[in-house]
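When a residue number appears, it is its place in the shown sequence, counting from 1. All values below come from the heavy atoms of this structure, side chains included, with hydrogens, waters and symmetry mates left out.
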Amino acid sequence: MFTSEAELEARLTAPSQALIDDMAKSSGDLMILGAGGKMGPTMAVLARRAMNEAGRASDKVIAVSRWSDSRQAQILEDQGVEIVAADLLGDMDFAGLPDADDVLFMVGAKFGSASQPSWAWAVNAVMPDRVARRYRDSRITTFSTGNVYPLVPVTSTGTTEESAVGPVGEYAMSCLGRERVFSHSALTRDTPVSIIRLNYAADLRYGVLYDIADPIMKGEPVDLTTGHVNVVWQGYANEVTLRSMAHASKDVFTLNLTGPEILSVEKIATRLAEGLGKEVTFTGEAGGPCLLSDASKCFDMFGYPDVSAGQLIDWQADWLARGLPTSGKPTKFAVRDGKF
């Protein structure tokens with residue numbers, strides 16, 4: 001259990017020996033584009049710590065964002081991360097960005113994509129082309145989403161990397177556009193590319209588990225219409241992402257990144273309610289298809305998450321019971337029509 005954000009972030013940014021060993025096999029600077037988001041800060045510090053322990057203290061970790069939260073930028077600087085303030089959504093010349101051997105693309109537009117679809121496509125598909133041209137000679141690892149797949153029956157094991165894509169809505173379609181743009185760079189310029197299809201990371205301050213707990217704390221019913229979900233500890237998601245950089249290829253390395261279980265929202269809510277000392281009620285009926293991914297390839301390559309789903313649920317309940325900070329950024333995992 002955690003008693004502060006500092007303890008949580010220390011755990012999220014503690015590199016495993018496997019990550020350190022992988023970092024020791026590589027060299028050069030790492031640049032994270034969109035490092036100011038939910039996962040970016042802990043990703044940057046984890047990379048910095050792993051590279052230090054791998055004997056790569058002279059290689060830079062460069063975190064690029066607008067940095068509207070100057071406090072967060074200062075925290076990263078104190079950890080040895082180089083900060084670059086840039087509005088990647090503006091008309092800036094990408095040639096002015098630092099060179100880097102590895103580029104991790106974390107920029108994305110999700111909420112508001114239904115009402116402003118052109119904005120979603122500009123961020124999720126047009127910007128990647130600018131990045132791909134600027135860093136054609138770098139290794140590029142890009143975040144994508146499990147939303148590029150269709151909803152599948154709960155009785156299935158989830159979609160694999162070989163499953164047919166079937167994005168629903170502007171957000172999912174534009175994210176598939178991002179994948180296609182980077183893949184085109186791999187095809188035409190031999191740029192090594194790694195694509196990470198993530199759903200859903202949780203770090204206690206935000207995530208699906210928080211979203212399920214929120215109505216319980218408010219005395220409202222938990223909606224079971226989207227009755228099952230994948231969840232993964234953010235520390236594991238960060239580690240796998242950084243380790244995946246070494247697998248970037250001109251043939252394009254694609255990886256589903258999530259937890260190993262198909263979790264029942266009703267069971268999650270019941271366990272959260274017990275931990276919170278609250279009553280839980282439900283609305284809606286489970287049983288329909290859901291967004292579910294099979295991450296067997298990930299586990300074969302990188303091992304299973306070091307935090308189980310049950311432990312993560314208990315941590316979430318304890319975090320909220322203590323009144324510790326949350327981000328106020330919902331995942332909207334229950335959206336079924338692709339309109340975010």
Just wondering, do Leu88 and Leu97 contact through their side chains at under 4.5 Å, heavy atoms? yes
Check whether more than 12 heavy atoms from other residues, nucleotides or ligands sit under 6.0 Å from atom NZ of Lys278, and answer yes or no. no
Restricting to non-hydrogen atoms, name the atom on Ala73 and the atom on Ile83 that form the minimum distance, rounded to 0.1 Å. O-CG1, 3.6 Å
With rounding to the nearest 0.5 Å, note down the distance linking CD1 in Ile216 to CD in Glu279. 10.5 Å
Are Lys110 and Phe340 in a cation-pi contact, defined as NZ or CZ under 6.0 Å from the six-membered ring centre and within 45° of the axis? yes
Is there a donor in the side chain of Trp121 and an acceptor in the side chain of Glu170, or the other way round, less than 3.5 Å apart? yes
Mark yes or no for whether Ser138, through its side chain, and Ile140, through its backbone, hold a donor-acceptor pair below 3.5 Å. no
Starting from the C-alpha separation in whole Å, work towards a yes-or-no answer on side chain to side chain contact (heavy atoms under 4.5 Å, CB included) for Thr141 and Asp102. CA-CA 8 Å; Thr141 298; Asp102 278 294; 5.5 Å; no
Could you check whether any side-chain N or O of Trp67 sits under 3.5 Å from a backbone N or O of Val84, counting only pairs where one atom can act as donor and the other as acceptor? yes
Would you please say whether a donor-acceptor pair under 3.5 Å links the side chains of Tyr149 and Asn199? no
Could you check whether Arg178 and Ser144, counting side-chain N and O atoms only, form a donor-acceptor pair closer than 3.5 Å? no
Any heavy-atom pair between the side chains of Phe282 and Val265 that's under 4.5 Å? no
So which atom in Leu276 and which in Ala213 form the shortest heavy-atom distance, rounded to 0.1 Å? CD1-CB, 4.3 Å
Has Arg271 got a side-chain atom pairing as donor or acceptor with Ile313's backbone, closer than 3.5 angstrom? no
Any non-hydrogen side-chain atom of Asp22 less than 4.5 Å from a side-chain atom of Leu242? no
If you count the non-hydrogen atoms of other residues, nucleotides and ligands that lie under 6.0 Å from CZ in Phe111, is the total more than 12? yes
Report whether Val335 and Val168 are members of the same hydrophobic cluster (ILVMFWY, side-chain heavy atoms less than 4.5 Å apart, transitive linking). no
Note: Pro153 and Pro289 closest approach over all heavy atoms is N-CB, 4.1 Å
Salt bridge Arg197-Glu179, side-chain N to carboxylate O under 4.0 Å: yes
Are Val240 and Val193 linked, directly or through intermediate hydrophobic residues, by side-chain heavy-atom contacts shorter than 4.5 Å (ILVMFWY only)? no
Determine whether Arg133 and Asp129 satisfy the following criterion, salt bridge (Lys or Arg N to Asp or Glu O under 4.0 Å), listing intermediate values before the conclusion. CA-CA 6 Å; Arg133 292 175 185 275; Asp129 181 63; 2.9 Å; yes
Just verifying a value: how many Å separate Tyr210 OH and Leu320 CG, rounded to the nearest 0.5 Å? 7.0 Å
Between the CG atom in Leu272 and the CG atom in Asp318, the distance rounded to the nearest 0.5 Å is 11.5 Å
Is the shortest heavy-atom distance from the side chain of Arg11 to the side chain of Asp306 under 4.5 Å? yes
From Val208, Leu292, Asp294, residue fulfilling side-chain contact (heavy atoms from CB on, under 4.5 Å) relative to Asn230: Leu292
Flag yes if Phe333 and Val280 sit in one hydrophobic cluster, no otherwise; membership is Ile, Leu, Val, Met, Phe, Trp, Tyr, and two members link when side-chain heavy atoms are under 4.5 Å apart. yes
What's the verdict on side chain to side chain contact (heavy atoms under 4.5 Å, CB included) for Tyr171 and Lys332, showing C-alpha distance, side-chain angles and the deciding distance? CA-CA 12 Å; Tyr171 167 67; Lys332 296 191 178 180; over 6 Å; no
Verify the neighbour count for atom NE2 of His184: are there more than 12 heavy atoms of other residues, nucleotides or ligands below 6.0 Å? no
Below 4.5 Å, heavy atoms only, C-beta onward: do Val45 and Glu9 meet side chain to side chain? no
Does any part of the side chain of Pro41, heavy atoms only, come nearer than 4.5 Å to the side chain of Ile75, both counted from C-beta? no
For a quick test of reading the model, state the closest non-hydrogen atom pair linking Gly28 to Asp101 and the distance between them. CA-OD1, 3.1 Å
N/O donor-acceptor pair under 3.5 Å between Glu239 side chain and Ser16 backbone: yes
How about CD on Gln17, more than 12 heavy atoms from neighbouring residues, nucleotides or ligands closer than 6.0 Å, or not? yes
With a 3.5 Å cut-off and no angle check, do the side chains of Ser293 and Asn256 form a donor-acceptor pair? no
Measure the shortest side-chain to side-chain distance between Tyr135 and Ser185 over non-hydrogen atoms and say whether it is less than 4.5 angstrom. no
Under the side chain to side chain contact (heavy atoms under 4.5 Å, CB included) rule, what do Met1 and Glu7 come out as? Steps first, then yes or no, please. CA-CA 9 Å; Met1 303 297 184; Glu7 288 183 9; over 6 Å; no
Would you say the side-chain atoms of Gln316 pair up with the backbone N or O of Leu204, donor to acceptor, closer than 3.5 Å? yes
Is Val307 linked to Ile262 within one hydrophobic cluster, defined over Ile, Leu, Val, Met, Phe, Trp and Tyr using a side-chain heavy-atom separation of less than 4.5 Å? no
Working to the nearest 0.5 Å, report the span between OG1 of Thr241 and CE of Met106. 7.0 Å
Given Leu33, which partner from the list Val107, Thr142, Ile62 fulfils the side-chain contact (heavy atoms from CB on, under 4.5 Å) test? Val107
d(Arg336 CZ, Cys290 SG) to nearest 0.5 Å is 5.0 Å
Could you pull out the closest heavy-atom pair between Lys38 and Gln234, with the gap in Å? O-NE2, 3.9 Å
Strictly distance-based, threshold 3.5 Å: is any side-chain N or O of Ser26 a donor or acceptor partner for the main-chain N or O of Met23? no
Can Asp300 and Lys297 be counted as an ion pair, charged N to O under 4.0 angstrom? no
Answer yes or no: is there a donor N or O on one side and an acceptor on the other, between the side chain of Ser194 and the main chain of Ala248, under 3.5 Å? no
Steps toward side chain to side chain contact (heavy atoms under 4.5 Å, CB included) verdict (Thr270, Ser264): CA-CA 10 Å; Thr270 300; Ser264 160; over 6 Å; no
Which one of Phe253, Phe143, Phe105 satisfies the ring-ring contact (aromatic ring centres under 6.0 Å, His included) criterion with Phe182? Phe105
Heavy-atom side-chain contact between Tyr206 and Asp211 under 4.5 Å: no
Both conditions, 6.0 Å and 45 degrees, for the charged tip of Arg134 above the ring of Phe94: are they met here? no
Trp319 side chain vs Pro325 backbone, donor-acceptor pair below 3.5 Å: yes
Which value, rounded to the nearest 0.5 Å, describes the distance between Leu209 atom CG and Ile268 atom CD1? 5.5 Å
Any donor-acceptor pair under 3.5 Å linking the side chain of Arg322 with the backbone of Phe2? yes
Closest non-hydrogen atoms of Pro128 and Val123, given as atom of the first, atom of the second and distance, are CD-O, 3.4 Å
Has the side chain of Asp29 got a donor or acceptor atom that lies under 3.5 Å from a matching backbone atom of Lys60? yes
